[in-house]
Visitor: 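The structure is given below, and queries will be raised subsequently.
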Amino acid sequence: MSFDRSLKIAPSILSADFANFGQEIQAVEAQGADWIHVDVMDGHFVPNITFGPDTCKAIRPHIKTVMDVHLMISPVDAYIDAFAASGADYITVHVEAGAHTHRTLQAIRGAGAKAGIALNPGTPASAVAPLLDMVDLICVMTVNPGFGGQKFIHGCVEKVAELRSMIGDRPIHIEIDGGVTPETAPLVRAAGADVLVAGSAVFKGGSVENPTPYGTNISAIKAACKS
Ligand code: DX5
Ligand code: ZN
């Protein structure tokens, strides 16, 4: 079977109601979410703090699709086993987060998860060239990591195309993270991305109490990429 490069939308629970993760996840999956993106921040690698492996473990039973954990933490190696044990399907680490990324990626696969590597907007595509056989996913940050609701950085689109050609036939997903909307999604989809993270565009400050925004933009993002 050929590798699945179909479009997948991964709502980021960073923009969900933190007191209601279970219901929030069920709501977006019911509206067509393909993966659930979980942003882990440590207040050191990025200037914001979210949550750790215990929260991932607690939300795992609510996720029917794919748990996609994005670690914005440094150091990272000591925590890989705990995130793998929490039930993460994908664990993505930043190439900027440590000196031994190759070893970290080995540890992720060794712990039974799929390995992802993320690149900040200021990091060139070439930074992952030596790691292509070590990864299942490359995450191109299209904002500087740390917060939801930031503006998409258009200069990153060319990097997506560059990575797509570097990857060739390798079974590696290209994920986009930051500022994805129905306006920006078609640009990165055309450049070769297949997983689009969307936080504020999906949740829009909504919640299970105010479900109107749910799904509106999951389907709008998918529709925009088809037209
Ligand atoms: C940013 C996070 C993103 C964030 C995206 O550091 O990694 O996943 O939730 O949020 P939006 O879609 O609002 O830019
Ligand atoms: Zn993220």
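No hydrogens, no waters, no symmetry mates; every other heavy atom, side chains included, goes into these values. Just follow the structure's listing: the first ligand is 1, and inside any ligand the first atom is 1.
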Visitor: I'd like to check Lys222 versus Ile9 (side-chain heavy atoms, cut-off strictly below 4.5 Å). Are they in contact?
Guide: yes

Visitor: Against heavy atoms of Val197, which atoms of ligand 1 measure under 4.0 Å?
Guide: 8 (O)

Visitor: Which label fits His154 and Phe152: parallel for a plane angle under 30°, tilted from 30 to 60°, or perpendicular past 60°?
Guide: perpendicular

Visitor: With a cut-off of 4.0 Å, which atoms of ligand 1 are near a heavy atom of His37?
Guide: 8 (O)

Visitor: Would you please indicate if the ring centroids of Phe45 and His94 are separated by under 6.0 Å?
Guide: yes

Visitor: Would you say the side-chain atoms of Thr104 and Asp77 include a donor-acceptor pair closer than 3.5 Å?
Guide: yes

Visitor: Sub-3.5 Å donor-acceptor pair from the side chain of Arg189 to the main-chain atoms of Cys225, do we have one?
Guide: no

Visitor: Could you tell me whether some N/O pair between Gln150 and ligand 1 is separated by less than 3.5 angstrom?
Guide: no

Visitor: Salt bridge or not for Asp136 and Arg170, using N-O below 4.0 Å?
Guide: no

Visitor: Mind checking whether Phe83 and Tyr90 have ring centres under 6.0 Å apart?
Guide: no

Visitor: Identify the protein heavy atom lying closest to atom 6 (O) of ligand 1, giving its residue, its atom name and the separation to 0.1 Å.
Guide: Gly146 N, 2.8 Å

Visitor: Take Asp39 and Ser12 through the side chain to side chain donor-acceptor pair (under 3.5 Å) test and state the conclusion after the steps.
Guide: CA-CA 7 Å; Asp39 285 309; Ser12 162; 2.6 Å; yes

Visitor: Quick one: CG on Leu14 to NE2 on His37, what's the gap to the nearest 0.5 Å?
Guide: 8.5 Å

Visitor: Looking at non-hydrogen atoms alone, which of Cys139, Ser200, Ala201 comes nearest to atom 13 (O) of ligand 1?
Guide: Ser200

Visitor: Would you say ligand 1 has an N or O under 3.5 Å from any N or O of Leu14?
Guide: no

Visitor: Which residue and non-hydrogen atom of the protein lie closest to atom 14 (O) of ligand 1, and at what distance in Å?
Guide: Gly179 N, 2.8 Å

Visitor: Are any of the side-chain heavy atoms of Asp89 and Asp68 separated by less than 4.5 Å?
Guide: no

Visitor: Less than 3.5 Å between some nitrogen or oxygen of Pro145 and one of ligand 1, yes or no?
Guide: no

Visitor: Run the numbers for me: atoms of ligand 1, each under 4.0 Å from some heavy atom of Met72, listed by number.
Guide: 6 (O), 7 (O)

Visitor: Would you mind listing which atoms of ligand 1 come within a distance below 4.0 Å of any non-hydrogen atom of Phe147?
Guide: 1 (C), 6 (O)

Visitor: Provide the number and element of each atom of ligand 1 under 4.0 Å from a heavy atom of Gly149.
Guide: 11 (P), 13 (O), 14 (O)

Visitor: Would you call Lys8-Asp194 a salt bridge at under 4.0 Å N-O?
Guide: yes

Visitor: Report the angle formed at the Zn ion (ligand 2) by atom OD2 of Asp177 and atom NE2 of His37, rounding to the nearest 10°.
Guide: 100°

Visitor: Report yes or no: do Asp177 and His70 form a side-chain donor-acceptor pair below 3.5 Å?
Guide: yes

Visitor: Looking only at distance, does Asp177 have an N or O less than 3.5 Å from an N or O of ligand 1?
Guide: yes

Visitor: Give the atoms of ligand 1, by number and element, whose distance to some non-hydrogen atom of Ser12 is under 4.0 Å.
Guide: 8 (O), 9 (O)

Visitor: Please list, in number order, the atoms of ligand 1 under 4.0 Å from a heavy atom of Gly178.
Guide: 14 (O)

Visitor: Flag His70 as yes when one of its N or O atoms lies below 3.5 Å from any N or O atom of ligand 1, and as no otherwise.
Guide: yes

Visitor: Which atoms of ligand 1 are found less than 4.0 Å from any heavy atom of Asp39?
Guide: 2 (C), 3 (C), 4 (C), 7 (O), 8 (O), 9 (O)

Visitor: In degrees, rounded to 10 degrees, what angle do Asp39 atom OD1 and His70 atom ND1 make at the Zn ion (ligand 2)?
Guide: 90°

Visitor: Which residue holds the protein heavy atom closest to atom 12 (O) of ligand 1, what is that atom called, and what is the gap in Å?
Guide: Gly199 N, 2.7 Å

Visitor: Give the residue and atom name of whichever protein heavy atom lies nearest to atom 10 (O) of ligand 1, and the separation in Å to one decimal.
Guide: Gly148 CA, 3.6 Å

